[in-house]
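This report concerns only the one structure given below.
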Amino acid sequence: MAQTVFIPKEIDPSEPRVAASPDTVKRMKALGLDVVVEAGAGLSSRIPDSEFTKMGAAIGSVADGEHADVVLKVRRPSDDEIRGYKSGALVIATMDPYGKQAEVEAMASAGISAFAMEFMPRITRAQVMDVLSSQANLAGYQAVVDAAAVYERALPMMMTAAGTVPAAKVFVMGAGVAGLQAIATARRMGAIVTATDVRPAAKEQVASLGAKFVAVEDDEFKAAETAGGYAKEMSKAYQEKQAAMVADHVAKQDIVITTALIPGRPAPKLVSAAMVASMKPGSVIVDLAVERGGNVEGAVADAVITLDNGVTIVGHTNVAGRIAASASLLYARNLYAFLESMVDKTSKTVVVNPEDELVKATLLTHGGSVVHANFAPAAPAAAPAATSEPVSTEPGLDAAPEESLAADAEQPTKPEGAA
């Protein structure tokens, strides 16, 4: 009997995306898996049930989750959803587990194998599975569209018989995936674009998209990148110089887009209230990190606010979900690629190999326990054996790697469709 993959409708009313597409349903069927899609799961992503059934899926209800071997989701399942899954089921989603220890332990107690797609390692083999990059790319694009809608002026320079409309000045803070796509989109729309990042390698990436790089480029900056391409934390003196330069630059901009995120930590504050106050009436700031506390002082999650000085701060959450029809197609492809890597082509069953590097990186809970190193309960420290040698206090090779302090905390690749 074929194993069953279940795609539920997301219960969060603010989440319009779906974890499968007609294309991925067709591909899963080709792997020998049965696919059940909850009725209406794709409607908010412009995918009617009929499109899934054309590719071989059955349309079901929430109750079908009880029999599923694999559940594909956008967001971490709620307690009610977890109770509806059988023990041993694989649940693959964006789990957002930091600060959610109780929720992670609930999945372990239910006996499900939970995979956090946002922990996918940045290796060549896993590029097609990288949900952070696929969704950040769209968020960067949508940030510019949202900014343009609120700005209520033309972005490109226009020369007419009645006069000249000047090009809008757009400043992008962070040149990760979202930032690079924002740069590319703003350039395509005719804006004058500048950008900043704390990684020296970002300068070339920004320039390749036709934007000007803005940073304090001293000796410390030139050495501010690890061998792995991540940013090092800068000294207090450098941060002060960079902040002064950025403050002066922000005051001259029409649109500012901030994209800085650090996994597992609050978003760093990049734009102070004083910087916001220095901007011209009618200026716009889009804060893509507002879900994590925001990069902009005064930003409010799920709100667009206009301050007394006429500056508007856009604080949409789930920005990729604002273009769900595109976001779902990419997200579904990410999930399918990961699922395919675990399907045994002979038995046509899903097999979890704990030694696989992709599984090691993403598996949160398995066999009734929390197994991910960042969330598993710490083992009691063993008493050191009697010895005349000093005991090392150096961290082992399994210590958590240094988190990226680069804006976006995303893979710094050139966005799709960039010039």
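Computed over heavy atoms, backbone and side chain alike; hydrogens, waters and symmetry mates excluded.
Surrounding NZ of Lys236 are at most 12 heavy atoms belonging to other residues, nucleotides or ligands under 6.0 Å away. Within a 6.0 Å sphere centred on NZ of Lys269, other residues, nucleotides and ligands contribute more than 12 heavy atoms. Atom NZ of Lys212 has 12 or fewer heavy atoms from other residues, nucleotides or ligands within 6.0 Å. Annotation: Tyr141, atom OH; neighbour count of heavy atoms from other residues, nucleotides and ligands within 6.0 Å does not exceed 12. Counting non-hydrogen atoms of neighbouring residues, nucleotides and ligands closer than 6.0 angstrom, the NZ atom of Lys241 exceeds 12 such neighbours.
With Thr362 contributing its side chain and Phe115 its backbone, the two residues share no donor-acceptor pair below 3.5 Å. Between the side chain of Glu118 and the main chain of Met95, a donor-acceptor pair closer than 3.5 Å is present. A donor-acceptor pair under 3.5 Å is formed between the side chain of His372 and the backbone N or O of Ala361. Under the 3.5 Å distance criterion, the side-chain polar atoms of Thr196 are left unmatched by any main-chain donor or acceptor of Val172. Here the side chain of Ser134 pairs a donor or acceptor atom with the backbone of Val131 at under 3.5 angstrom. In this structure, the side chain of Ser328 does not engage the main chain of Ala325 through any donor-acceptor pair within 3.5 Å. A donor-acceptor contact shorter than 3.5 Å is absent between the side chain of Asp23 and the backbone of Ala332. Of the possible donor and acceptor atoms, one in the side chain of Ser283 sits under 3.5 Å from a partner among the backbone N and O of Lys280. Here the side chain of Thr24 pairs a donor or acceptor atom with the backbone of Ser21 at under 3.5 angstrom. Panel note: side chain Arg17, backbone Ala324; no donor-acceptor pair is recorded below 3.5 Å.
There is no side-chain donor-acceptor pair under 3.5 Å between Gln239 and Ser235. Arg122 and Gln127 form no side-chain donor-acceptor contact under 3.5 Å, judged by distance and modelled atom types alone. A side-chain N or O of Ser14 and one of Asp12 form a donor-acceptor pair less than 3.5 Å apart.
Ion pair Lys73/Glu10 flagged as a salt bridge, since at least one NZ, NE, NH1 or NH2 atom sits closer than 4.0 Å to an Asp/Glu carboxylate oxygen. A salt bridge does not link Arg83 to Asp79: none of the charged nitrogens lies less than 4.0 Å from a carboxylate oxygen. With respect to the salt-bridge test (charged N to carboxylate O, under 4.0 angstrom), the residues Glu38 and Lys9 do not qualify. Ion pairing between Asp254 and Arg153 fails under the 4.0 Å rule for side-chain N and carboxylate O. With respect to Lys203 and Asp197, no salt bridge is recorded, no charged nitrogen being found less than 4.0 Å from a carboxylate O.
Sorted by first and then second residue, the side-chain hydrogen bond (donor to acceptor under 3.5 Å, both in side chains) pairs involving residues 292-305 (not counting sequence neighbours) are Asp96-Arg292, Thr258-Asn295, Asp302-Thr317.
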### Query
Taking it one step at a time, do Glu105 and Ser109 satisfy side chain to side chain donor-acceptor pair (under 3.5 Å)?
CA-CA 6 Å; Glu105 291 173 357; Ser109 298; over 6 Å; no
#### Entry: CA sep, side-chain torsions, deciding dist, call: Arg75, Asn318, side chain to side chain contact (heavy atoms under 4.5 Å, CB included)
CA-CA 11 Å; Arg75 293 181 182 260; Asn318 190 17; 3.7 Å; yes
### Query
Passes side chain to side chain contact (heavy atoms under 4.5 Å, CB included), Ile183 versus Val206? Steps please.
CA-CA 8 Å; Ile183 292 167; Val206 167; 4.0 Å; yes
### Task
Dump the intermediate steps for side chain to side chain contact (heavy atoms under 4.5 Å, CB included) on Arg76 and Glu103, then the final yes or no.
CA-CA 9 Å; Arg76 182 185 63 248; Glu103 288 84 347; 3.7 Å; yes
### Task
Please report the C-alpha distance between Val71 and Glu81 in whole Å, then the side-chain angles of each, then the deciding distance to 0.1 Å, and finally whether the side chain to side chain contact (heavy atoms under 4.5 Å, CB included) criterion is met.
CA-CA 11 Å; Val71 179; Glu81 288 178 301; over 6 Å; no
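In this structure, the side chains of Glu355 and Lys360 come closer than 4.5 Å at one or more pairs of heavy atoms. Val359 places a side-chain heavy atom less than 4.5 Å from the side chain of Val352. Put simply, the side chain of Val311 does not reach to within 4.5 Å of the side chain of Thr306, judged on heavy atoms. Looking at heavy atoms from C-beta onward, Val36 lies out of side-chain contact with Ile7 at the 4.5 angstrom threshold. Considering only heavy atoms from C-beta on, Glu357 comes within 4.5 Å of Ile123 through its side chain. Between Val18 and Leu43, every side-chain heavy-atom pair lies at or beyond the 4.5 Å cut-off. Residues Glu66 and Val62 fail the side-chain proximity criterion, which asks for heavy atoms closer than 4.5 Å. Contact check for Leu307 versus Ile313: side-chain heavy atoms found under the 4.5 Å cut-off.
The two residues Val371 and His366 come nearest to each other via the heavy atoms CG1-O, 3.9 Å. Nearest heavy atoms, Leu358 versus Ser341: CD1-OG, 4.3 Å. Considering all non-hydrogen atoms of both residues, Leu261 and Ala289 come closest at CD2-CB, 3.6 Å. Across every non-hydrogen atom of Gly163 and Thr160, the tightest pair is O-OG1, 2.7 Å. In this structure, Ala154 and Ala168 approach most closely via the heavy-atom pair O-CB, 4.3 Å. Across all non-hydrogen atoms, the minimal contact from Lys345 to Leu31 is CE-CD2, 4.2 Å.
A distance of 6.0 Å separates CG of Leu335 from CD1 of Ile92, quoted to the nearest 0.5 Å. If you take CD on Gln142 and CG on Asn137, they are separated by 12.5 Å, rounding to the nearest 0.5 Å. One finds the CD1 atom of Ile11 at 11.5 Å from the CD atom of Glu15 (value rounded to the nearest 0.5 Å). Distance CG/Leu132 to OG1/Thr94: 7.5 Å, rounded to 0.5 Å. The CG atom of Leu288 sits 12.5 Å away from atom CE of Met173, with the distance rounded to the nearest 0.5 Å. Distance check: Gln205 CD to Leu180 CG gives 5.5 Å after rounding to the nearest 0.5 Å.
The aromatic rings of Tyr238 and Phe221 lie parallel to each other, their planes meeting at an angle below 30°, with 60° marking the opposite boundary. Classification of the Phe375-Phe119 ring pair by plane angle, with boundaries at 30° and 60°, yields parallel.
In this structure, Tyr85 has its ring center no closer than 6.0 Å to that of Phe6.
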